[in-house]
Protein chains: 2
Amino acid sequence: MDLFTEHGFEQVTVAEIAARAGLTERTFYRHFSDKREVLFPDASPLYTGLTDAVAAAPDSASPMETVAAVLEATAAFFIDRHEFSRRRYAVITANAELREREAVKLASLADALAAGLRERGVAEPAASLAAEAGIAVFKVAHVQWVTADDPEDLADLMRAALDELRTALNP
Amino acid sequence: MDLFTEHGFEQVTVAEIAARAGLTERTFYRHFSDKREVLFPDASPLYTGLTDAVAAAPDSASPMETVAAVLEATAAFFIDRHEFSRRRYAVITANAELREREAVKLASLADALAAGLRERGVAEPAASLAAEAGIAVFKVAHVQWVTADDPEDLADLMRAALDELRTALNP
DNA sequence: TCCATGATGTCAGTTTCTGACATCAAACGT
DNA sequence: ACGTTTGATGTCAGAAACTGACATCATGGA
């Protein structure tokens, strides 16, 4: 992260990253599938948290209520990482390859969410749409969270964004 | 496209693509910024179509009504390209790098849409949320369109998806 | 007819990423 | 305690993606 903040992502070679970590380039590739991936630390806790939250929602919950519950759980995941998220966001937005990677990560999060909803009996395309809407809310709130001078509560931002989306679609 | 359908995207080298086109590898890179880009032909008409549609919406139109109008215009853009879209979709979904590229393209479409809405006086985060919702609808409808055995009308699929999203958010 | 311009070719080099094999240390069974 | 197994790391060679610098060539205008 230090190397990237100082020189920018493209200017840093994998050999340099490895050297800074006291490792070999080859070893770097044993830990990360490619150079970009080093900025997307293991997301499996996020996925399991998401999947659990979908499953934990009461049977009576509508698709969007389920999504709202998932967003709450997701916000908790980020609570201790505000400073890290800020730096990471700065590096990522400054580089096209990284924005690409970020976009797929969010897309596969949406896929996982849609799969969870289908598991609950939500039919397509309702499941995908609810999931995409949820991720849209997440994206917007997350940007606000990392760019705001005064760090607000991520969960609050998500709730507000979800409300805003609701009224936009049914004025 | 022939090369990709037969051998898969990864197995085809840029040298092979260039040779098939009767060109040099270096010349390939003068036409496309990278190997993936060859599957994302010049999207500027799509962007200008989108921007025009946003601007053309009546002042009285709400953000989501504007988005709906944009989706109609976008559908028209794809009307003659069903077969091409099918092949392209098959190649892209089969490869991670290409799914990445597809994801950013859609994200930047969302950005353009949000910018257009802001131009109309829609505030943030409403503009981004409406734009993301619109792109979500597009994604879902587009998948249905290219995977359905019997090619339905893309505009119809989008309208249906938008309705579905509406009811999901306000049951 | 000459020349300016834009597109293409040639070539060398950097960087990312991968496969194959070697090495080393900690953990394990006896 | 000792040989072995296993997992992590190192070494090396090489393919493929990309880039910069310069040469060539065709086309159209002065």
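Order of the sequence lines fixes the chain letters, A, B, ..., with proteins taken first and strands second; residue numbering starts at 1 for each chain. All heavy atoms count here, side chains included; hydrogens, waters and symmetry mates do not.
Without hydrogens or angle criteria, B:Arg36 side chain to B:Arg101 main chain gives no donor-acceptor distance under 3.5 Å. Using a distance-only test at 3.5 Å, with no hydrogens or angles considered, a donor-acceptor pair links the side chain of B:Arg120 to the main chain of B:Val54. Counting only distance, with no hydrogens or angles, the side chain of B:Ser128 and the backbone of B:Pro125 share no donor-acceptor pair below 3.5 Å. Formation of a donor-acceptor pair under 3.5 Å by the B:Thr48 side chain with backbone atoms of B:Ser44 is found in this model.
Extent of DNA chain C lying under 4.0 Å from chain A heavy atoms, first and last nucleotide in 5' to 3' order, is C:dT16 to C:dA20.
Considering only heavy atoms from C-beta on, B:Trp145 stays 4.5 Å or farther from B:Asp153 through its side chain.
Interface residues of residues 11-24 of chain B facing DNA chain D, ordered by number: B:Val12, B:Thr13, B:Val14; criterion, heavy-atom separation under 4.0 Å. Residues from residues 26-45 of chain A with heavy atoms under 4.0 angstrom of DNA chain D, sorted by number: A:Arg26, A:Thr27, A:Arg30, A:His31.
Listed by chain and number, the residues in a side chain to side chain contact (heavy atoms under 4.5 Å, CB included) with A:Val14 are A:Glu25, A:Phe28, A:Tyr29, A:Lys35 (sequence neighbours excluded). Under the rule for a side chain to side chain contact (heavy atoms under 4.5 Å, CB included), the partners of B:Val12 that lie at least two apart in sequence or sit in another chain are B:Leu3, B:Phe4, B:His7, B:Glu16, B:Ile17.
The aromatic rings of B:Phe78 and B:Phe138 sit tilted, their planes meeting at an angle between 30° and 60°.
For residues 58-80 of chain B, the set of pairs meeting the salt bridge (charged side-chain N to carboxylate O under 4.0 Å, His left out) definition, not counting sequence neighbours, comprises B:Glu72-B:Arg159.
In this structure, a donor-acceptor pair under 3.5 Å is present between the side chains of A:Tyr47 and A:Ser108.
In this entry the distance linking CZ of B:Arg101 with P of D:dA17 reads 14 Å, nearest Å.
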